[in-house]
Each structure stands twice: as structure tokens, then as C-alpha cells.
Number of protein chains: 2
Amino acid sequence: MSTSPTSSPLKSRDRLVATATKLFYANGINATGIDTVIAESGATKGSMYHHFHNKDGLVAAYLRGEADGWHEAATGVDDSSKGAVERVALMFTIPATAIATDSFHGCPFTNAMVERPADPAIAEIVSDYRRVMAAHVAELIGADPEDTVVAQVVVLYDGGVTGAKQTRSAAPVLTASAMAQELVRAWIEGRRG
Amino acid sequence: MSTSPTSSPLKSRDRLVATATKLFYANGINATGIDTVIAESGATKGSMYHHFHNKDGLVAAYLRGEADGWHEAATGVDDSSKGAVERVALMFTIPATAIATDSFHGCPFTNAMVERPADPAIAEIVSDYRRVMAAHVAELIGADPEDTVVAQVVVLYDGGVTGAKQTRSAAPVLTASAMAQELVRAWIEGRRG
DNA sequence: ACAATAGTAGACGAACCTGTCTAATCTTAC
DNA sequence: GTAAGATTAGACAGGTTCGTCTACTATTGT
């Protein structure tokens with residue numbers, strides 16, 4: 001651990017998670033067999049079950065990666081030199097651009113809750129994601145994560161993404177983005193006045 | 001068809017759809033085997049495949065029923081003697097009460113799009129549902145279904161329901177409801193002034 | 001009465017799924 | 001150098017899934 005990483009491009013475990021991320025998100029968790037993930041990742045069954053207790057373990061690793069990925073994407077598109085309203089708009093470009101590039105298949109967390117409703121590990125990862133998102137929004141606009149306005153922006157984000165998934169169009173995200181911008185504008189106004 | 005219905009409590013086809021509705025919504029479409037639906041409905045395999053071409057056919061019938069069910073529920077909780085704002089609030093009581101009675105498992109249409117992303121028949125039923133919902137909201141508040149305000153209320157509805165599914169709590173629905181009421185209030189105000 | 005539709009009962013195949021297991025090799029830390 | 005962890009390769013069992021098929025019976029509209 002203290003030494004430098006090996007020359008190998010990616011360890012078997014990481015390849016498994018990377019492949020699972022691609023397939024689980026694009027085709028669905030239940031629709032993707034473990035054998036497919038193993039074959040496409042170039043790993044073997046022994047390796048898979050050496051690293052993960054069962055499929056649920058791989059699913060959890062996938063979802064944790066998605067949560068981290070969202071946070072990275074959100075900080076990636078952010079620009080702290082801009083105002084709160086514009087920064088919120090930037091956050092909504094994440095799903096908007098995904099739709100434009102046809103790589104959008106809805107919210108991975110919603111999808112996971114639908115496909116694995118009974119798994120408590122998943123429920124907790126989803127909880128974490130929502131905490132991260134609330135904290136991020138709070139930081140963008142200079143609010144407390146517990147403020148009503150943060151919950152409201154989250155509702156709009158969820159609504160935009162869900163509508164986009166159902167309609168296969170970016171329109172709901174754009175509607176939600178405009179609403180969020182107006183909401184934050186009014187919130188700042190109300191705070192100042 | 002022109003004569004009165006038979007004494008039989010429910011025809012085989014209807015029992016199949018009724019059972020599918022219960023199981024598909026509660027446990028998921030992919031997680032529910034056709035054999036389970038057949039057994040629990042008291043029908044037989046021959047009957048099932050006499051009425052439906054395959055499982056997708058049953059799923060489509062289930063979803064069409066959910067769309068009709070939503071419309072009935074929405075008109076059921078409505079009260080045309082009330083004002084627009086209150087009528088919108090009433091619409092949001094549909095998911096809110098479902099959550100309270102533990103019979104809530106998210107939006108059936110979102111769930112279906114997640115579990116059956118490639119089925120165009122499902123995409124169309126979801127489209128229909130969204131048209132019905134837009135028309136209903138438009139009627140509640142006296143707007144044109146194409147008005148921005150209608151799309152905005154829909155975003156809030158989707159966001160509330162999605163948040164409730166992810167958090168297993170009614171809070172997002174209540175947040176969304178309050179936002180929708182405020183939105184409609186302001187929209188009416190703006191229209192009058 | 002007749003024909004079409006609806007239904008019963010269940011065997012069956014072919015495909016898929018997850019997870020276990022054996023047995024040997026490679027890598028890496030110390 | 002040695003021991004622990006990581007990996008390969010694939011057979012295998014046990015279960016589930018969907019859909020087909022046969023053969024027979026019941027209902028119902030006209």
C-alpha cells in the first residue's frame with residue numbers, strides 16, 4: 001500500500017467494477033448476468049468471488065462508485081467564481097449533457113432502488129448520495145444543508161431526471177433547471193431583503 | 001358484451017391482470033415470474049397465453065391499468081368546488097397517503113421504464129399517462145396542457161415521488177406539494193395582475 | 001344446434017442464472 | 001525465501017425463467 005501502484009493497467013477487481021458500472025447502468029442490474037460481467041471484464045469467476053461475497057457485493061461497489069462519480073462530476077462542472085444561480089444551473093448540465101450524448105439511462109440510484117428494493121446496503125448508499133448532493137447544493141448557494149431551499153432544489157433535480165427518463169427527452173431537466181434558478185434567485189433575494 | 005356480466009366473480013383474464021398488478025408493483029416486474037402470477041391468480045398457463053402473446057403483453061395490460069387507475073384516483077380525490085391551489089394539493093395526497101399505508105413502491109411508470117427500458121409499448125403507455133396527467137393538472141388550475149406551469153407541476157410531482165421512493169419517506173412529496181401550491185398561487189396571481 | 005371463444009391441467013424443453021468447487025500458478029510484502 | 005493474497009480456467013449443481021404443446025371441457029352468442 002505504501003509502494004507505488006503496479007504497472008498492470010487495472011486490477012481484476014477494478015476491471016470487474018468498471019465493467020459492472022457500464023453494464024448495470026446501461027442494461028439494468030437484474031438483466032445483466034454475473035457471467036457477462038466476468039467475461040467482458042476479462043476476469044474469472046474465482047476472482048469475482050474472491051473479491052465479492054456475491055452479486056449484491058458487486059452491485060454495492062458499483063453504486064458506491066456512482067455516488068463518488070456524481071460528486072466528481074458535480075465538482076467538475078462547478079465554477080466557484082460564478083454566482084449561486086449560475087452554479088445551480090451548471091449542476092443541472094450533468095443530466096442534460098448525458099441525455100444529449102445518449103449515455104443517459106436515468107438516475108442510477110432510482111434504478112437500483114427499483115431493481116433491488118429489499119437490499120439495505122443499497123438503501124444506505126442512496127442515503128449517502130443524497131447527503132452528498134444536499135451538501136453540494138448547500139455549498140453552491142451558501143445555505144445550510146438542512147434548509148428548505150436545499151430540499152427544494154433536490155426535488156427539482158429528481159423531477160427533472162425522472163421526467164427525462166420517462167420521456168427520453170431533456171425538456172424536463174431544462175424545466176427543472178429554470179425552476180431551480182428562479183427558486184435560488186428568490187431565496188437569495190428574500191434573504192437579502 | 002351487450003348482455004349483463006356473468007355471475008363469475010372475475011374472468012381469468014381480469015384475474016391475471018389483477019394479480020399481476022399486485023405482484024408487479026409490489027415486487028417488481030422482472031422479479032415476478034409468470035408462473036407465480038398464474039398460480040396466484042388461479043388461472044392456468046393455457047389461459048395466460050391465450051389472452052396474452054407473452055409476458056410483455058401482460059406487463060402492458062398491467063401498466064395500462066395503472067394509468068387508468070391513476071386517472072381514477074386523481075379524479076377521486078379532486079373537489080371541483082375548491083380553488084386551484086387546493087385542488088393541486090389534493091392531487092399530491094395520492095402518493096402521500098400511499099406512503100402512509102406502506103403500499104407505496106414508487107411510480108409504476110418509472111419502475112417499468114427501469115425494468116423494461118427497451119419495450120416501445122411501455123414507452124407509449126408512459127407517454128399516455130403523462131398526457132393524462134398534464135391534462136388533469138391543466139384542468140385543475142384552468143391552464144392549457146401545453147403551458148409551462150403544467151410542465152412545472154409535473155416536474156414537482158415526479159420529483160416528490162422519486163424522492164419518496166429513494167428515502168422511503170413522505171417528506172419529498174410534502175416539499176413538492178408545497179412548492180406546487182406556491183407555484184400555482186403565483187401563476188394565478190401573475191395571470192390576474 | 002353450432003361454432004367460436006375461453007378455460008383446465010400439467011408436462012416439457014431450452015435457456016439462463018447464481019454460487020461452489022478443484023487445482024494450479026502468479027505476484028507481492030516482508 | 002516464504003507465506004499470504006490474487007488470479008486463472010472451467011466444470012458443475014440446483015434453481016429459475018419463459019414459452020410451447022397436447023388434449024380435453026365449459027361457456028356463450030347467434
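Convention: sequence-line order gives letters A, B, ...; per-chain numbering from 1. Computed over heavy atoms, backbone and side chain alike; hydrogens, waters and symmetry mates excluded.
Rounded to whole Å, atom P of C:dG13 lies 21 Å from atom CD1 of B:Ile34. One interatomic measurement links the two molecules: CE of B:Met48 to C1' of D:dT20, which rounds to 13 Å at whole-angstrom precision. For the pair A:Lys55 NZ and D:dG15 C1', the computed distance is 15 Å after rounding to whole Å. We find that CG of B:Asn30 is positioned 12 Å from P of C:dC17, with the value rounded to whole Å. Regarding B:Asp35, its CG atom lies at a distance of 16 Å from the P atom of C:dG13, rounded to whole Å. In this entry the distance linking CZ of B:Phe24 with P of D:dT17 reads 11 Å, nearest Å. Between the C1' atom of C:dG13 and the OH atom of B:Tyr49 lies a distance of 14 Å, rounded to the nearest Å. The CD1 atom of B:Ile38 sits 10 Å away from the C1' atom of D:dG19 (whole-angstrom rounding).
Using a 4.0 Å cut-off between charged side-chain N and carboxylate O, A:Asp158 and A:Arg130 make a salt bridge. In summary, B:Arg64 and B:Asp128 do not engage in a salt bridge, as defined by a charged side-chain N under 4.0 Å from a carboxylate O.
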Protein within reach of the bases, or only the backbone? For nucleotides 4-10 of chain D, mark each nucleotide 5' to 3' as B, S or -, using heavy atoms under 4.0 Å. --SBB-B
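No side-chain donor from either of B:Gln166 and B:Thr162 sits under 3.5 Å from a side-chain acceptor of the other.
Ring pair B:Tyr129/B:Phe109 is parallel by interplanar angle, where below 30° counts as parallel and above 60° as perpendicular.
Of the possible polar contacts, none joining the A:Tyr62 side chain to the A:Thr19 backbone as a donor-acceptor pair under 3.5 Å is found.
Around the CZ atom of B:Arg168, the shell of radius 6.0 Å holds no more than 12 heavy atoms that belong to other residues, nucleotides or ligands.
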